[in-house]
There are 2 protein chains.
Amino acid sequence: MRLLAQELDTGPASLYVYVANTAELHAAVLDELLGEVDLEPAEGEGDWRDRLAGVLTSYSDMLFEHPALARSALTARPNGEHYLRLLERLLALLDEGGVPRTQAAWGVDVLLQFATATAAEQSTRGQAPEAAEEWDALTRVIHGVDVKSHPHVHTLAASLLAGSPEDRMTWCLQALINGIAHTPTPTPTAAPAPTPDADRTDS
Amino acid sequence: MRLLAQELDTGPASLYVYVANTAELHAAVLDELLGEVDLEPAEGEGDWRDRLAGVLTSYSDMLFEHPALARSALTARPNGEHYLRLLERLLALLDEGGVPRTQAAWGVDVLLQFATATAAEQSTRGQAPEAAEEWDALTRVIHGVDVKSHPHVHTLAASLLAGSPEDRMTWCLQALINGIAHTPTPTPTAAPAPTPDADRTDS
DNA sequence: ACCTGAACACCGTTCAAGT
DNA sequence: ACCTGAACACCGTTCAAGT
C-alpha cells in the first residue's frame, strides 16, 4: 500500500478511496494479470491434456513473476472478467477431453489451486537467499535417515529429491488431470457406492 | 514473535538467541504439531486409499486450527522427526496400494501440498469476516455469466459451486491418489514416449 | 464532496549496553 | 558468555482536518 502510494506520489490513505483493503487491491491486480495468461499455448497441435497443462503452466509462470501476489492468490479468489475467461477455457479443454461435467467443475479448482500453490511455494523460495541452504538440510536429513525406523524414506531417498521443478510440474499436472478424468464425483442422492466411472461420457 | 515473547515475559530480542527468524520458528512449531497427526485413522479396516485420505485429513485438520502456520507451511518445508514419520507413513500406504515407487515419491509431495494449500485457503477464509460476502459475490458472478461468451461456466454454474468443503476434500484426495497411482513418471533415460502404466507393480 | 497529513497500532530484526 | 531494552525500519488502516 505504502509503496504503491509512493509510486503514485500521494499518501497511503488516498488509496482507500478506491479499494477497501489490501486483499481487494490484490484481487484486482491479479485479475488484471490473468489477462496475460496464454489460453492457446504454443503446442496447439498437442493432446487436450498437453494444451490444458500449457494453459496452467502459463498461469503459474505469470504468478511466479509476482511472488507476493502468488501468496495472496491462494486465499483471495478473484471473480473478474479475466478469471472467468480462464475458467471457461479450462472447462472447455476438459470437455474436449470428454471429462464428465461434474468432475470438470470440481477439477478446475484443484488444477488452479495446484498451479497457485506451486507458484507461491517456489517463488517465495526463489526470493529467500537461505533457500539453497534449507534444501541442503532436507537432502542431508533424507539421505541420513535410519533404515530401520524409516525403510520407505530410506529406499526412496533419491526419488524423493529427484527431478527438476519443470519435470515435477509436468508430471503433477498429468497426474492431476488423469485423476480428475477418472474419479467419479459422489452422486447427490444418497446412493450406495457408485460403479467406478459410472458417469463418464468418454474414455 | 512479539506475542510469543510477551507470553514468555521477555522482550522479542531474546527469542533470537534460540531461532534465527520467524520462518525457523514456524518450522519448529510445525514439526511439533505434526506429532499430533493421526497416522492410523479410525477407519483402520478401510481401503488403503481411505486410510491414506484419513491421514491427510488429520494433517489438514491440524493445520486448519492454526491458520498462520498453515500459510507458512506452504513455503517452509519442515525436516524434523515428526515430518519424517508422516512421510514414512504416506509412502508405506502408497506402497501397500502397489503404487510404483517413483510415482509414490513424487506423489507424497503433491498430496501434502494439496492438504496444506486447502488448509491455508479455508482457514484464512474462516478468519476473515468478509469471507461470506466474497463467496456471495462469486456466486452472483458465476450465475450471472453470459451464455454466449462463457457457455461452459454457464452450464456448469451449479456444479462449480456445489459440494461441502468435506465432500470436495474427499473427492480431491481420491482424484489425486488415483492420478498418482496411474501416471507413470518420466524415465530418466531419454527414451521415447513410454507405454502407459509401464512400471506399475499392481493394478 | 473529495482527498490526505499525521497518527495509531502494529510488525520482525538488530545491536549496544547491561548482567 | 548470555541476555535484553530500546531503537530501527517497516507495515495496513483510520480519521480529523483541509481544499
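By convention in this document, chain letters (A, B, ...) are assigned in the order of the sequence lines, proteins followed by strands, and residues within each chain are numbered from 1.
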>> Classify B:Leu15 by what it touches in the nucleic acid, base, sugar-phosphate, or nothing, heavy-atom distance under 4.0 Å.
In response: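 Since no nucleic acid heavy atom lies under 4.0 Å of B:Leu15, the category is nothing.
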> What distance do B:Ser149 atom OG and A:Leu84 atom CG have between them, rounded to the nearest 0.5 Å?
Replying inline: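 B:Ser149 atom OG to A:Leu84 atom CG measures 8.5 Å (nearest 0.5 Å).
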Find the distance [X]:[atom1] to [N]:[atom2] and express it as a whole number of Å.
X	N	atom1	atom2	answer
B:Asp9	D:dG5	CG	P	11 Å
A:Leu8	C:dT4	CG	C1'	14 Å
B:Glu24	C:dG12	CD	P	15 Å
A:Leu3	D:dC10	CG	C1'	11 Å
B:Leu4	C:dC11	CG	P	12 Å
A:Met1	C:dC8	CE	P	21 Å
A:Tyr16	C:dT4	OH	C1'	13 Å

>> Strictly by Watson-Crick or wobble contacts shorter than 3.5 Å, is anything paired with D:dG5, and which nucleotide is it?
In response: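 D:dG5 is paired, partner C:dC15.
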> Which one is paired to D:dC10, where only Watson-Crick or G-U wobble pairs with both distances under 3.5 angstrom count?
Replying inline: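 The base-pairing partner of D:dC10, which may sit in any strand shown, does not exist here.
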> B:Pro12 or A:Pro12: which one's nearest nucleotide on DNA chain D is closer to the 5' end?
Replying inline: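 Per heavy-atom nearest nucleotide, the more 5' residue is B:Pro12.
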>> Counting only side-chain heavy atoms from C-beta out, which of D:dC15, C:dC11, D:dG12 sits nearest to A:Ala13?
In response: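 Nearest to the side-chain atoms of A:Ala13, counting from C-beta on, is D:dC15.
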> Any idea which of C:dT14, D:dT13, C:dC11 is nearest the B:Arg2 side chain?
Replying inline: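 Of C:dT14, D:dT13, C:dC11, C:dC11 is nearest to the side chain of B:Arg2.
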>> Measuring to OP1 and OP2 of D:dC3, would you say a side-chain N or O of B:Thr10 lies under 4.0 angstrom away?
In response: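 Answer no for this pair, as no side-chain N or O of B:Thr10 is under 4.0 Å from OP1 or OP2.
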>> I'd like to know if the side chain of A:Thr124 pairs up with that of A:Arg71 as donor and acceptor (distance under 3.5 Å, no hydrogens or angles considered).
In response: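 The criterion, which ignores hydrogens and geometry beyond distance, is satisfied for A:Arg71 and A:Thr124.
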> Can you find a heavy atom in the side chain of A:Asp61 that is under 4.5 Å from one in the side chain of A:Asp38?
Replying inline: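 Heavy-atom side-chain distance check fails, nothing below 4.5 Å.
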> Does the side chain of A:Leu87 reach to within under 4.5 Å of the side chain of B:Ile142, using non-hydrogen atoms?
Replying inline: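 With C-beta onward as the side chain, the pair touches.
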> Counting heavy atoms not belonging to A:Glu24, are there more than 12 under 6.0 Å from its CD?
Replying inline: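 Enclosed.
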